[in-house]
Amino acid sequence: MNSIFDKIREQVHGIVEKAFRACEEKGVLPPVQISEVFVEVPRERGFGDFSTNIAMQVSKQTRMPPRKTAELLLNEFDYSGTYIERAEIAGPGFINFFLKRDWLYDCLRLIQEKKERYGEVDLGKGLKVNVEFVSANPTGPLHMGNARGGALGDCLASVLEKAGYDVTREFYINDAGNQIEKFGMSLEARYMQIILGEDKVSFPEDGYHGEDIIQHARDYYDMYGDSLVDKPSEERRRILVDFALPRNIQKMRETLSAYGIEYDVWFSEKTLHDNGEVKRVVDYLTEKGYTVEKDGAIWLNGEKLGLEKDEVLIRSNGVPTYMAADIAYHYNKLVTRGFDLAIDLWGADHHGHVARMKAAMTPFGLKKEQLEVVLFQLVRLFRNGELARMSKRTGKAIALEDLLEEVGRDAARFFFNLKSAGSHLDFDLDLAVRQSNDNPVYYVQYAHARICSLLRKLKEEGITGRPIDEVDLTLLKENEELELIRKLSEYPEEVALAAKTFEPSRLTRYVMEVAAGFHSFYNACRVKGGEEELMMARLILVDCTRIVIKNILELIRIDAPERM
RNA sequence: GUGCCAGUAGCUCAGCUGGAUAGAGCAACGGACUUCUAAUCCGUCGGUCGGGUGUUCGAAUCAUCUCUGGCACGCCA
């Protein structure tokens, strides 16, 4: 068993189903089809520990008021062998269950048994999932959008691992195509400007204006001088790209590593072109009639795939588009490499691409659901209360590297993981830069440090916890104690929900609630110095809290300090 | 113009597949350290869930219309 919730759900389901059958046999209720019995935690404690709305769900089938149905069921409830002590009917027809405290104490036993594996759920059944995130163009430094996508993607990957999926973290290197062309042109212009003077060489309108481009050119010039001046432009660009691109990629690796992200795979787009996969995929689509030829270009047949319009795959000049490469890339993930599911994290500005990519998978016998795209809204930067543009081309954007230096990895990751992907995120640099304690990351870290400090202090006095079997857990009966255990019991549930909804930010918010529960407990109950048996029981609770907090902080890769 | 996302307390956001009296943090105000870390806790204040209509026993949640903000609609990625 991984979760007390699962156990309770099973128990309630069993009780309810048996009651329905009994009612049917007695002839007081008609036969009822129940697919699932929803069990939820009521908002109010007075409504019990768990409740179900099953009587309302089946009111159409029973053709009687929900409260009446609930009453008939209640008469047949058999609680033997369950945590349930009693049940009540309330409101429009809710059945509220009041449990014996054993379920909470068993939760502590479960945490002590599972330790750092507590919270794991088997949702994925070992399914192979590829999570691709950041995948920034290697033409410049990582920006805030990459930072958000990075935190969300990495944490989503962790959540899915915890939920029983076989996860691969992947970075797609856009080392081919138009962006690289522009990159080459920009480098060339900067290089020539160094030699011939800035006024003599015009800079391409749509080139990359960033400082980093100038730096690359200068570095090349410092190392190899003006050796490229007399070379043909094409060769000059190629050499400069070959010089600068690996440097950029290396830089991205380092920055992401400092950000706490380690990839399993760095996948090069160029290889898809070089080994002919892009061409093969387009040929296949053509063969199957999914393309049309128009104006000398090859287009994806939008009508046939249920799309609004056609999309160019191969330009009239014979160069494949990013779309063609992307189809080949996802084909590679789902077919060549056999992933069951590919999850992409894209900035919301790419949302128009989602339907196209999913549709483009179907000619290969793949299901649209095998490609999941998590869109995250873009980050808006504010500096001195003003909106700051974050375009690479203006070169004015704050880089992830700068952010890490200013606010640190923990705060950055926590901040980007606090809100759901779909909501806009205003990043106030002045606030984030401030090392103030209204930063929520400290709240959680402090709870962990407080626990460690407490355990340390007790140890210094020669007090260590006992095995849970030798502790009387029923001594835990203060409201703050019970509420804290309840909170801890939700962890596996939170993991499952985060995995199902692709919303890792749930866990960040959840761990704040755990910390809050602990702080409340800490202020209300003393661990040290009281009656020994009670102290032992509280030590178990404290240790369980430590396990859960550390567990989550490790999962989202934020430091769990033992002292602050 | 068409499409996607968002609109919930002064601010930033939760609210799971429709459920009971809509929540949290920050801000404001008032309290709590002789005892395990006050980077903490407790309390108060604060809402016509953008607006309308519909579906239903029941709607912040679903449908539809409308308003507002962001984004996308390229032989760019």
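Numbered from 1 within each chain, the chains take letters A, B, ... in sequence-line order.
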[N] pairs with which nucleotide, Watson-Crick or G-U wobble, both distances below 3.5 Å?
N: B/A20; value: none
N: B/A72; value: B/U2
N: B/U64; value: B/G52
N: B/A27; value: none
N: B/C36; value: none
N: B/G46; value: none

Could you tell me whether [X] and [Y] have their ring centroids closer than 6.0 angstrom?
X: A/F171; Y: A/F267; answer: no
X: A/Y443; Y: A/H519; answer: yes
X: A/F5; Y: A/F50; answer: yes
X: A/H424; Y: A/F376; answer: no

Closest nucleotide among B/G3, B/C36, B/U40 to the A/N523 side chain: B/U40
Anti or syn - B/C33, cut at 90° from 0: syn
At under 4.0 Å, does any side-chain N or O of [X] touch on OP1 or OP2 of [N]?
X: A/S59; N: B/G58; value: no
X: A/K419; N: B/C13; value: yes
X: A/R315; N: B/A77; value: yes
X: A/R456; N: B/C36; value: no

Identify whether any heavy atom of [X] sits under 4.0 Å from a base atom; if not, whether one sits that close to sugar-phosphate; answer base, sugar-phosphate or nothing.
X: A/H424; answer: base
X: A/A447; answer: nothing
X: A/D295; answer: base
X: A/G529; answer: nothing
X: A/R356; answer: base
X: A/C452; answer: nothing
X: A/S316; answer: base
X: A/K500; answer: nothing

Side chain to side chain contact (heavy atoms under 4.5 Å, CB included) between A/E311 and A/H353, worked out: CA-CA 10 Å; A/E311 299 292 333; A/H353 193 52; over 6 Å; no
Salt-bridge criterion met for A/E493 and A/R9 (N-O under 4.0 Å): yes
Presence of salt bridge, A/K7 and A/E10, under 4.0 angstrom: no
Per-nucleotide protein contact string for nucleotides 15-27 of chain B, where B marks a base within reach and S marks sugar-phosphate only (heavy atoms under 4.0 Å, - for neither): -BB-BBS-S----
Nearest-Å distance for atom pair [atom1]/[atom2], residues [X] and [N]:
X: A/E311; N: B/G3; atom1: CD; atom2: C1'; result: 13 Å
X: A/F376; N: B/C71; atom1: CZ; atom2: C1'; result: 13 Å
X: A/H350; N: B/G74; atom1: NE2; atom2: C1'; result: 13 Å

Donor-acceptor contact below 3.5 Å, side chain A/S453 vs main chain A/A449: no
Test side chain to side chain donor-acceptor pair (under 3.5 Å) applied to A/S268 and A/D175, step by step: CA-CA 6 Å; A/S268 156; A/D175 52 1; 2.6 Å; yes
Check this for me: does the side-chain of [X] come within 3.5 Å of the base of [N] through a donor and an acceptor?
X: A/H351; N: B/C71; result: yes
X: A/H353; N: B/A72; result: no
X: A/S520; N: B/C41; result: no

Nearest-nucleotide 5' precedence on RNA chain B, A/R526 against A/M323: A/R526
